Amino acid sequence: MSRKSAVPTPQLPRRSWVEIDHGALSHNLKVVQKLAGRAGIIAVVKANGYGHGLNEVATTLSEGIAIFAVASLGEALQLRETEKSKPIMLLSAALPSEYAEIAAHGFIPTISSLEEAKLFAKAALKIRPKTSPLPQIHFKIDTGMGRLGAHPAKAEAIVKAITKLPLSLHSISSHLPSADSDDVSTKRQLKRFEHIVQELRLLVPDVPVHVLNSAGTILHPENSHDFVRVGLLLYGISPIPRMQKMLKPVLRWKASVTLLNEIPKGHGISYGSTYLAPRKLKVAVLPAGYADGYPRQLSGKGATVLINGKHCPVLGRVTMDQIIVDISRAGSVSIADEAVLVGPQKGKEITAPEVATQADTIPWHLFCGITARVAYWHRNQEGKK
Ligand SMILES: *Cc1c(COP(=O)(O)O)cnc(C)c1O
């Protein structure tokens, strides 16, 4: 279905693969709908649906959401192949050379400056039949992120000027840099944004507004306005750990044991021989490494995988294509047995936030770092098995 044509793995020899549970995705959507209340959902599916598969994820979410958000024109075009009706917003700044195509497809760009707005209007005018509706833009205000968006002091003048251009203002937004880590500054930022919105409403009374990401949606639902802009929650991971219980992780990452080996006492394991077997060790080799997106930063950090429902430590460095795990305490293990890198097995679980933390990163990064070499198996998709 998607351009990358996710390989349906059940028929293939299973080496390393990701299972995407669309039942869990639907569950999380319901949770987000409840949190959002009357606000609509802007479903953030950038970076291949956070590594979950753009087209497949979008197809499952489509009915329950208002708008899809991706990063770039390329992602929007890929999404449009399967998503025929919902509006698609581009969250990253676009290149002027992309404007005409963005306008031609009716995608909604994020605009931070009057210069961008003018150039976009000009590009759109060239390709637009006179009878078609005005091209839509989304105007962003920087209330603290320091990335995209106009300085608050300039917002009013820019919006005033935009209303005179042949453009339609789809919505006004801002983005929270610290919603999951700094409540005080987030509250201050939200207050500042409310103030700006009130002022702008004098110019554009009915313009829709959105500011909350996943963490904001959990912690500050009173600021939902017209839409919440959520990614991580939909994939079943809460940026606020105490709220994890209400969600179901969508992604599981597995690999088959490809080799069993015995390493004598004192023998080095993996590059640099950073790990020396303290005794004779039974190990299994798994066909997943940093070229699959299993972070090399997990080397020597006490990461484990699950085999037979037992935590098996990753020994030495993560290599490009393979890892070596200690199965001394895993009981009887055979070639082709299933190892779980991320997900549950027999009552135990390795969560994405745990793995991300061990690798000194965040679950967003872990997910979108999974590479095209890993096969995808989409389960519980409606209309399919
Ligand atoms: C990625 C992104 C989001 C989604 O963030 P989550 O924390 O995954 O919910 C929301 N808004 C913008 C502007 C983004 O770039």
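Start at 1 and go down the list; that is how both ligands and their atoms are numbered. None of the values given here were measured: they were computed from a predicted structure.
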Cluster question for you: counting only ILVMFWY and a side-chain heavy-atom cut-off of under 4.5 Å, with indirect links fine, are Leu281 and Val333 together? no
Is any side-chain heavy atom of Leu233 closer than 4.5 Å to a side-chain heavy atom of Pro239? yes
What residues sit with at least one heavy atom under 4.0 Å from ligand 1? Val44, Lys46, Tyr50, Leu91, Lys140, Arg147, His175, Asn213, Ser214, Arg229, Val230, Gly231, Leu232, Trp364
Cation-pi check, Arg379 onto Trp377 ring (under 6.0 Å, within 45° of axis): yes
Could you list the residues that satisfy salt bridge (charged side-chain N to carboxylate O under 4.0 Å, His left out) with Arg373, not counting sequence neighbours? Asp292, Asp321
Could you check whether His175 and Arg229, counting side-chain N and O atoms only, form a donor-acceptor pair closer than 3.5 Å? yes
Flag the pair Tyr50 / Phe367 as yes when their ring centroid distance falls below 6.0 Å, and as no otherwise. no
